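One structure below.
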Amino acid sequence: MSDQPAQIPEKPALEGLEAKWNDRWQQQGTFRFDREAAKARGVYSIDTPPPTASGSLHIGHVFSYTHTDVIARYQRAAGREVFYPMGWDDNGLPTERRVQNYYGVRCDPTLPYTPDFVPPFEGGDGKSSKAADQVPISRRNFIELCERLTEEDEQQFEHLWRTVGLSVDWSQTYRTISDESITASQRAFLRNLARGEAYQADAPTLWDVTFRTAVAQAELEDRERDGAYHALAFHGPDADVVIETTRPELLPACVALVAHPDDERYQHLFGTTVRTPLFDVEVPVLAHRLAQPDKGSGIAMICTFGDVTDVIWWRELHLPNRTIIGQDGRVLDRETDWISTPAGRTEYDALVGKTVFSAQKGVVDRLRETGELLGDPKPIKHPVKFFEKGDRPLEIVSTRQWYITNGAQNDELRSTLKARGAELSWHPDFMHVRYDNWVDGLNGDWLVSRQRYFGVPIPVWYPIDANGETDFDHPILPAEADLPVDPSSQAPAGFDESQRGQAGGFVGEVDVLDTWATSSLTPQLAGAWERDNELWDLVAPFDLRPQAQDIIRTWLFSTLLRSELEDHRLPWAHTTISGFIVDPDRKKMSKSKGNVVTPLGLLEQYSSDAVRYWAAAYKLGTDAAFDPQNPKQIKVGRRLAIKILNAAKFVLSFGERPEQAQVTDALDASLLATLADVVAQATRAFDAYDHARALEVIESFFWTFCDDYIEVVKERAYGAAGKAGRDSALLTLHTALDVLLRLFAPFIVFATEEVYSWTHSESVHRQPWPTEAEVTADVAHPAEASVFAAISDALITFRRAKTEAKVKMRTPIVSAVLHGAPERIERVELALDDLRSVAKAERIELAADGTEFAVSDVVFGDLD
RNA sequence: GGGCCUAUAGCUCAGUUGGUUAGAGCACCUCGUUUACACCGAGGGGGUCGGGGGUUCGAGUCCCUCUGGGCCCA
């Protein structure tokens with residue numbers, strides 16, 4: 001089995017192994033995807049999560065990516081050619097923000113390009129960089145800086161991943177903003193459009209006023225905020241109607257009052273109209289099931305638009321759109337034909353240009369003066385919708401946006417998506433519920449247009465008619481062959497750049513696609529969809545999508561959706577969902593909480609194998625508590641890795657693997673039977689995506705192998721019992737070591753490779769996964785695993801006897817009696833000489849008269 | 001308010017379809033430097049399995065309920 005004489009260092013150590021072996025793997029293409037091998041042996045393809053290149057990797061990333069790498073290495077050993085690419089998700093808002101802070105700039109698309117632009121500074125921490133201090137630059141300059149910074153970030157990420165020991169094929173790396181990715185994303189979008197799955201609509205849209213972009217349902221989060229109920233008097237024909245609202249500033253946008261249809265208090269008002277305070281606008285009083293009788297006074301004002309319920313009411317009750325908040329979050333200077341009195345318009349004029357906050361103050365002050373605010377506002381805490389990356393509450397504005405159908409308004413598609421979710425193998429299984437919950441809760445199609453800069457341009461232009469009006473209903477589309485396109489800088493076919501913005505000419509779409517609209521295509525990006533059909537057919541659908549639980553609603557769902565729309569199939573067969581890292585107080589690790597732990601220091605201090613061990617010891621889907629001050633499991637991993645080095649050195653020191661020998665000794669045969677069972681269990685666990693169990697089984701065997709087997713067999717391996725006994729022991733030690741290295745290889749990647757290299761020129765990571773048959777191939781007379789277990793337990797009994805007698809372990813025993821259950825004593829008898837040797841016992845009498853092992857009548861000899 | 005996960009030794013976690021006396025590592029105590037390893041080894045103490053109720057010959061495991069923690073969705 002060994003193909004070179006053993007070359008073993010004096011003092012094996014973990015330090016430096018990462019750099020040494022990464023260089024070697026890179027040079028030798030150890031993890032290169034081999035297309036011919038893939039055709040011959042079958043592929044295991046992984047749709048790796050592309051980390052956000054502008055973010056920072058924390059210990060949670062190492063945790064989950066290690067899980068995937070462990071699986072990849074098992075599958076590779078099990079005979080499949082593994083397609084394991086890495087992607088960088090560099091497009092989108094996080095990169096824009098980082099560039100703004102890092103270089104002290106901001107994008108102003110109206111500015112011309114500045115060649116050889118030098119940013120005001122590099123490496124800003126973001127805190128000192130206020131928006132007002134940022135230098136405005138052109139879109140092209142801005143994008144160039146985005147490109148520059150993400151490329152630098154990607155190199156650092158790659159270095160970290162290599163240090164962790166990911167067996168990624170680094171020649172298969174992609175970026176979500178590369179020309180190939182833009183082409184794929186635009187192509188997929190154009191096909192959605194051609195099939196009627198993508199469309200534009202002018203509709204109420206959730207809007208972040210800080211970033212001035214639309215956001216999708218998947219990007220929302222609720223946050224508790226202080227608010228106050230303001231009691232407002234609306235004027236009915238007979239009496240005032242009092243409503244309570246948290247958003248009095250939207251009073252001029254009020255289109256109706258609404259109460260629950262069963263609410264006794266308001267039956268007499270349904271069908272009548274009332275007049276709004278201050279603005280004196282006549283609005284109807286309507287009934288709708290979503291009105292909550294127990295909230296406030298039970299009757300609410302509907303405004304366009306205060307929240308998502310307003311949008312539902314507006315749509316279902318067919319109300320007019322009186323939007324007054326603009327995209328900058330300020331009150332619009334607009335026509336207000338519904339405010340019919342000059343006094344009302346004067347009130348409105350006083351609000352124009354104010355932020356939501358100031359407008360509220362203005363309206364409340366005026367209502368106090370007119371006496372239409374009843375009592376003082378009552379403070380409350382209530383959930384307010386935020387963009388998950390934003391820090392101001394979302395507004396709802398009316399804008400033209402692009403959407404992709406997602407099943408929210410199409411029951412057939414929704415049920416197909418649920419069926420696909422059920423076809424997918426989820427690890428752990430219960431994560432499937434989260435997907436179903438999300439699909440069930442979808443309330444609108446996927447809004448994919450974003451008013452940002454560093455993203456995939458939406459590949460459409462719009463004609464401008466003779467009157468100078470833009471015709472959004474008849475977009476001009478590029479041919480697929482012409483992709484990628486940037487409509488804001490390129491003219492569509494048949495037009496000239498001089499016609500941009502001219503009557504009879506065209507205008508380019510300036511919006512970009514939501515980053516998820518591109519990262520929902522990671523299988524297509526990594527698998528060279530429509531670029532390399534042979535590769536695509538080999539790797540797609542993928543075998544595995546590993547990811548985090550918090551993006552089931554975004555990444556997993558949207559990828560599944562795009563695959564369904566394009567190919568009517570699942571994008572992958574399995575998904576593995578890793579838990580996340582929580583701090584010792586069980587709080588999720590996140591930047592905003594300031595409890596993020598960066599991994600490089602830990603990798604350097606404890607070795608990558610140690611950190612990998614920690615990660616791999618956790619099951620999929622389980623959150624892991626982590627205390628950077630005392631990373632116990634990492635320390636355990638470090639000890640294990642060192643132990644592997646030392647144990648291997650010791651095993652190899654007994655001598656070379658004997659030729660043409662057989663395992664004749666019962667204990668040795670038993671050890672190998674035990675190991676064969678370990679192989680079987682580990683294989684079963686891996687096949688069930690339970691790497692933690694595989695590791696546990698392997699590790700626990702390894703410690704017993706070291707503490708008991710090696711100790712027991714030591715003397716015989718030195719030759720104390722003759723050649724046959726020695727050959728049997730040596731053969732067993734070599735076989736066990738060889739098998740153990742391959743079992744540990746997916747987890748402890750550097751130490752196993754180091755050890756394997758002492759006797760082999762090939763990488764352990766390209767060796768086949770061990771089989772049960774292979775482990776026992778040299779056994780002459782099979783023995784049950786229970787022989788080794790019995791010897792092991794009997795040995796512990798002798799050690800205890802020595803401890804209790806307060807003598808040293810190497811104190812000889814002249815004679816002793818070992819009692820035990822008959823069937824166990826029988827097993828011990830098969831390897832009694834080995835037991836005598838390790839117990840330093842001249843004579844052991846066996847007595848099949850007990851239940852547990854016990855020793856009696858011990859006569860100790862003298863030390864030396 | 002709805003859904004899902006979770007609660008096992010001081011700590012971090014196992015416990016495979018219900019089945020002997022509930023396991024591991026760390027920490028702790030005692031001992032030991034025998035030619036792999038002091039980044040070590042040997043031995044030991046430590047748990048009414050969150051509370052309550054139920055099903056069963058038998059429950060950490062299944063059911064109900066309460067409490068605490070976490071995540072997702074309203």
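Chain A is the first sequence line, chain B the second, and so forth, proteins listed ahead of strands; every chain is numbered from 1. Remember, it's a predicted structure, so these values are computed and weren't measured experimentally.
- Summarising the geometry, the separation between CG on A:L645 and P on B:rC37 is reported as 13 Å, rounded to the nearest angstrom.
- The distance between atom CG of A:L206 and atom P of B:rA74, rounded to the nearest whole Å, is 11 Å.
- For the P atom pair drawn from B:rA9 and B:rG15, the interatomic distance equals 15 Å after rounding to whole Å.
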Report summary line: Base-pair string, RNA chain B, Watson-Crick plus G-U, cut-off 3.5 Å on both distances, | for inter-strand, is (((((((..((((.....[...)))).(((((.......))))).....(((((..]....)))))))))))).
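- Across all strands, A:K11 comes closer than 4.0 Å only to sugar-phosphate atoms, never to a base (heavy-atom distances).
- In this structure, A:D222 reaches the bases: a heavy-atom distance under 4.0 Å links it to at least one base atom across the strands shown.
- Spacing between B:rG53 and B:rG1 at atom C1', rounded to whole Å, works out to 26 Å.
- When each of A:Q549 and A:M431 is assigned the nucleotide of RNA chain B bearing its nearest heavy atom, the one mapping closer to the 5' terminus is A:M431.
- Salt-bridge check for A:D222 with A:K385: passed, with a basic side-chain N closer than 4.0 Å to an acidic carboxylate O.
- Although no hydrogens or angles enter the test, the distance criterion places no donor-acceptor pair under 3.5 Å between the side chain of A:W516 and the main chain of A:W555.
- B:rG58 and B:rU20 have their P atoms separated by 15 Å, with the value rounded to a whole Å.
- Rounded to the nearest Å, the gap between the P atom of B:rG68 and that of B:rG54 is 24 Å.
- Taking atom OH of residue A:Y435 and atom C1' of nucleotide B:rC73, one finds them 16 Å apart after rounding to whole Å.
- The shortest non-hydrogen separation linking A:A736 to A:L675 is CA-CD2, 3.7 Å.
- Relative to the ring axis of A:F747, A:R612 does not place its NZ or CZ within 45° and under 6.0 Å from the centre.
- Residue A:A647 is classed as a base contact, given a heavy-atom separation below 4.0 Å to a base.
- Atom CH2 in A:W426 sits about 13 Å away from atom C1' in B:rC72, given to the nearest Å.
- At a threshold of 4.0 angstrom between heavy atoms, the contacts of A:E10 with the nucleic acid are absent.
- Rounded to whole angstrom, the span from the CD atom of A:E754 across to the P atom of B:rC37 amounts to 17 Å.
- Between the CZ atom of A:R434 and the CD1 atom of A:I552 there is a distance of 6.0 Å, given to the nearest 0.5 Å.
- Comparing atom distances between the A:V636 side chain and each of B:rC13, B:rG3, B:rC26 picks out B:rC26 as nearest.
- Across all non-hydrogen atoms, the minimal contact from A:P599 to A:I59 is CB-CD1, 4.1 Å.
- Distances shorter than 4.0 Å separate some side-chain N or O of A:R800 from OP1 or OP2 on B:rG44.
- Annotation: side chain to side chain donor-acceptor pair (under 3.5 Å) contacts of A:R827 (sequence neighbours excluded): A:E784, A:S786.
- Remark: A:R638 is not positioned above the aromatic ring of A:W614, lacking an NZ or CZ atom under 6.0 angstrom from the ring centre and at most 45 degrees off the axis.
- With hydrogens and angles left out, the side-chain atoms of A:R716 and A:S837 include no donor and acceptor closer than 3.5 Å.
- Checking the phosphate oxygens (OP1, OP2) of B:rC26, a side-chain nitrogen or oxygen of A:R639 falls inside 4.0 Å.
- A sub-4.0 Å separation between OP1 or OP2 of B:rU16 and a side-chain N or O of A:R684 is absent.
- Computed from coordinates, the A:H432 NE2 to B:rG3 C1' distance equals 14 Å when rounded to whole Å.
- At least one side-chain nitrogen or oxygen of A:R553 sits closer than 4.0 Å to the OP1 or OP2 atom of B:rC73.
- Near-neighbour residues of RNA chain B inside residues 605-616 of chain A, defined by a heavy atom below 4.0 Å, are absent.
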Report task. Using the side-chain hydrogen bond (donor to acceptor under 3.5 Å, both in side chains) rule, take A:T576 and A:R545 through it: C-alpha gap first, then chi angles, then the decisive distance, then the call. Result -> CA-CA 6 Å; A:T576 49; A:R545 155 58 72 88; over 6 Å; no
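- The gap from the P atom of B:rU65 to that of B:rC4 amounts to 12 Å, rounded to the nearest Å.
- Mapping A:L14 and A:A648 onto RNA chain B by nearest heavy atom places A:A648 closer to the 5' end of the strand.
- In the set B:rC26, B:rG43, B:rA36, the nucleotide with an atom closest to the side chain of A:K643 is B:rA36.
- With sequence neighbours excluded, the residues that form a side chain to side chain donor-acceptor pair (under 3.5 Å) with A:D687 are A:Y74.
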Identify all pairs in which a protein N or O lies below 3.5 Å from an N or O of nucleotides 31-35 of chain B, and state each distance.
from, atom 1, to, atom 2, distance (Å)
B:rU33, OP1, A:K808, NZ, 2.2
B:rU34, OP1, A:R810, NH2, 3.0

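- With distances taken from any side-chain atom of A:T622 to the nucleotides B:rG43, B:rC11, B:rA14, the minimum falls on B:rA14.
- Comparing the C1' positions of B:rA38 and B:rG45 gives an interatomic distance of 24 Å, to the nearest angstrom.
- When the C1' atom of B:rC39 is taken as reference, atom CZ of A:R638 falls 6 Å away, rounded to whole Å.
- Under the side chain to side chain contact (heavy atoms under 4.5 Å, CB included) criterion, A:T811 pairs with A:V807, A:K808, A:F860, A:L863, not counting sequence neighbours.
- With P as the reference atom, B:rG18 and B:rC64 are 16 Å apart, rounded to whole Å.
- Checked for salt-bridge contact, A:K632 and A:D627 miss the test: no charged N lies under 4.0 Å from a carboxylate O.
- Dashed line: the shortest gap from a side-chain N or O of A:K619 to OP1 or OP2 of B:rA14 is under 4.0 Å.
- Under a 4.0 Å N-O distance rule, the pair A:D708/A:R799 qualifies as a salt bridge.
- Listed candidates were B:rC71, B:rC37, B:rC4. Nearest to the side chain of A:N646 is B:rC37.
- Rounded to whole Å, atom P of B:rA14 lies 11 Å from atom CG of A:D623.
- Comparing the P positions of B:rC31 and B:rG10 gives an interatomic distance of 25 Å, to the nearest angstrom.
- Heavy atoms of A:Y618 sit under 4.0 angstrom from primed sugar atoms or phosphate atoms, though from no base atom.
- Shown here for A:A615 and A:H67, the closest heavy-atom pair between the two residues is O-NE2, 2.8 Å.
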